[in-house]
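Let me begin by presenting the structure, written as structure tokens, before commenting on it.
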Amino acid sequence: MANNLDEREFGSLPEEISVPDPALEFSPPPPEYPSPGPEIVEPGSDPMESGRQGKGVSSRFYTLLLAAVITFVLGFSPQPLDLASRKQTRGHAIAEGIVITETAYRVEDGKEEQSESSSEETESSQEQSQTSTEEVAYTEPECEIVLSSMASEMIGLITFNNMDDVALPVTLEYWDPETETMVFSEEIEDVSEPIPLNFTTEHFYDANQAYYDAAGTFPMEAEVKVRMNLGADGEEERVFTQQSIPEEVQWWVYYDNSTESGPYSHALSFVWMSYLYGRGLTVVYNHPELVTEESQVISLLLVVDGEADPGDTFSVTDEVTSGDVYTTEGYTHYDEIHDITALIARDMFDAPSHTAILYVTTYLEGYDRIVTIPIEFRFSSSSG
């Protein structure tokens with residue numbers, strides 16, 4: 001919690017401290033001691049003798065001495081300057097309530113002109129800067145694409161920024177990098193919210209079946225391109241591209257619409273599952289703050305028709321076995337195999353239609369960041 005600041009304004013002095021006003025040092029003598037007029041001194045006479053009468057001192061000398069003493073006393077009086085009665089000092093206007101210090105008061109005319117000139121230059125510079133800022137109002141659009149591959153399953157997220165100068169809609173293209181072909185595309189009208197990615201490369205296989213049958217392989221990679229045009233006439237184009245990055249922790253999400261549970265079925269449940277080799281994983285419900293790079297935690301949250309599921313049916317199982325662990329390079333070693341399954345039981349066919357979103361918060365090693373990926377499901381009573 002931040003510390004409370006003193007209510008007294010910074011730089012102000014306490015009321016009990018009075019500051020002598022050196023401005024009065026230059027005040028003229030009071031009216032009751034007027035300055036005497038100049039005396040006429042004859043040529044060749046001693047000006048110091050002109051006012052003397054015999055051995056005595058003239059009354060003018062005492063008058064000047066008394067005036068000097070009074071001026072000295074008034075000039076160093078601790079009383080503040082009466083600004084109500086004197087609003088003009090040495091030709092400078094003084095606002096009421098302002099105490100003028102010696103430094104501020106003794107400003108020579110040349111420095112004042114320089115200060116005024118500097119102030120005018122600053123104002124001119126600010127106006128030019130403001131004009132320059134108004135002229136350069138354009139900002140380059142931004143598009144961040146996250147695309148992770150879980151074998152043939154692709155999940156990810158597209159986030160847009162600075163889209164004011166982009167002509168909508170933008171085009172989202174799905175490419176097969178193996179055959180360098182665009183398989184399908186779609187248009188996006190609303191770029192105010194992140195766009196989830198969730199598709200399978202089975203579409204790539206169907207579009208290029210002859211190629212993959214001849215090669216004896218199946219597509220496991222994908223590429224996403226976002227095309228956008230700038231300006232009303234669309235004279236400039238921006239293209240953002242991201243190829244899928246395989247994740248070490250492979251996981252899948254689906255809805256099991258079985259009405260009865262069995263060895264390989266989970267009746268009317270949302271299913272999150274993963275196979276891990278050599279280490280386990282912690283799956284929690286609605287605790288995204290626990291997800292870090294080192295924690296090996298994944299958080300799930302189910303939202304149905306805009307309302308969060310309480311998670312009272314959430315359960316996790318981790319079946320551990322041992323066996324040979326294989327990679328693309330071949331046999332590696334004998335290790336533990338973790339078969340992790342997280343379930344959220346819920347009947348989605350109890351109403352004419354439902355929209356459910358399962359939010360998966362996880363650390364993606366390929367992007368070195370924590371993301372929350374929404375996976376959307378749509379249901380209707382006829383689907384059951």
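In what follows, every heavy atom counts, from backbone to side chain, and hydrogens, waters and symmetry copies are set aside.
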Using the rule given for side chain to side chain contact (heavy atoms under 4.5 Å, CB included), can you reason through Ile245 versus Leu147, listing the C-alpha separation, both sets of side-chain angles and the distance that settles it, and then say yes or no? CA-CA 6 Å; Ile245 298 178; Leu147 183 63; over 6 Å; no
Can you name the residues that form a side-chain hydrogen bond (donor to acceptor under 3.5 Å, both in side chains) with [X], not counting sequence neighbours?
| X | answer |
| --- | --- |
| Tyr212 | Asp176 |
| Glu289 | His287 |
| Tyr211 | Glu178 |

Quick one: do the His266 and Asp256 side chains pair a donor with an acceptor below 3.5 Å?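 Checked: His266/Asp256 side chains show no N/O donor-acceptor pair below 3.5 Å.
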Would you check, one step at a time, whether the test side chain to side chain contact (heavy atoms under 4.5 Å, CB included) holds for Val249 with Ser274? CA-CA 7 Å; Val249 179; Ser274 176; 4.1 Å; yes
Under 3.5 Å, sequence neighbours excluded: what are the donor-acceptor pairs made by side chains of residues 153-160?
none

Would you call Arg279 and Glu336 a salt bridge, taking side-chain N to carboxylate O under 4.0 Å as the test?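 Looking at Glu336 together with Arg279, the answer is no, because their closest N to O distance does not fall below 4.0 Å.
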State plainly whether the residues Arg369 and Glu144 are in salt-bridge range, i.e. N to O under 4.0 Å.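 Result for this pair is yes, salt bridge flagged.
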Run the ring-ring contact (aromatic ring centres under 6.0 Å, His included) test against Phe240 and tell me which residues pass, sequence neighbours left out.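 ring-ring contact (aromatic ring centres under 6.0 Å, His included) list for Phe240, sorted by chain: empty.
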By ring-ring contact (aromatic ring centres under 6.0 Å, His included) - contacts of Tyr367 (at least two apart):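 ring-ring contact (aromatic ring centres under 6.0 Å, His included) list for Tyr367, sorted by chain: empty.
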Is it true that, when you exclude [X] itself, more than 12 heavy atoms of the residues, nucleotides or ligands shown sit nearer than 6.0 Å to its [atom1]?
| X | atom1 | value |
| --- | --- | --- |
| Glu260 | CD | no |
| Glu235 | CD | yes |
| Glu180 | CD | no |

Write out all pairs satisfying ring-ring contact (aromatic ring centres under 6.0 Å, His included) with one or both partners inside residues 168-196, taking only residues at least two apart or from two chains.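 ring-ring contact (aromatic ring centres under 6.0 Å, His included) check on residues 168-196 returns Tyr174-Phe184, Tyr174-Phe199, Phe184-His203.
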Give the other cluster members for Val284, using side-chain heavy-atom distances under 4.5 Å between Ile, Leu, Val, Met, Phe, Trp and Tyr residues; answer none if it is isolated.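 Members other than Val284 - counting any ILVMFWY side chain reachable under 4.5 Å - are Leu290, Val291, Val297, Tyr363, Ile370.
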Going by salt bridge (Lys or Arg N to Asp or Glu O under 4.0 Å), name the residues that satisfy it together with Glu319, two or more places apart in sequence or in a different chain.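 With neighbours one apart ignored, the set is empty.
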Excluding sequence neighbours, so at least two apart, what forms salt bridge (Lys or Arg N to Asp or Glu O under 4.0 Å) with Glu376?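 Partners of Glu376 under the salt bridge (Lys or Arg N to Asp or Glu O under 4.0 Å) test: Arg378.
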For a side chain to side chain donor-acceptor pair (under 3.5 Å) check, start with the C-alpha distance between Thr361 and Thr372, then their side-chain angles and the critical distance, and finish with the verdict. CA-CA 4 Å; Thr361 302; Thr372 298; 2.9 Å; yes
For residues 215-232, which side-chain donor-acceptor pairs fall under 3.5 Å, sequence neighbours excluded?
from: Arg227; atom 1: NE; to: Glu173; atom 2: OE1; distance (Å): 3.1
from: Arg227; atom 1: NE; to: Glu173; atom 2: OE2; distance (Å): 2.8

Should Tyr205 and Asp213 be marked as a side chain to side chain donor-acceptor pair (under 3.5 Å) after you check the CA-CA gap, both sets of side-chain angles, and the distance that decides it? CA-CA 9 Å; Tyr205 172 80; Asp213 285 348; 2.7 Å; yes
In a table with atom names and distances, give each donor-acceptor pair under 3.5 Å that connects a side chain of residues 345-352 to protein atoms at least two apart or in another chain.
from: Arg346; atom 1: NH1; to: Asp309; atom 2: OD2; distance (Å): 2.8
from: Asp347; atom 1: OD1; to: Phe349; atom 2: N; distance (Å): 2.9
from: Asp350; atom 1: OD1; to: His354; atom 2: NE2; distance (Å): 2.9

Using the ring-ring contact (aromatic ring centres under 6.0 Å, His included) rule, take Phe377 and Phe270 through it: C-alpha gap first, then chi angles, then the decisive distance, then the call. CA-CA 10 Å; Phe377 301 85; Phe270 289 92; 5.3 Å; yes
To the nearest 0.5 Å, what is the distance between OH (Tyr285) and OG (Ser299)?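 Atom-to-atom, Tyr285:OH and Ser299:OG are 9.0 Å apart.
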Go through the steps for Glu237 and Val239 under the test side chain to side chain contact (heavy atoms under 4.5 Å, CB included), then give the verdict. CA-CA 7 Å; Glu237 185 184 56; Val239 181; 3.8 Å; yes
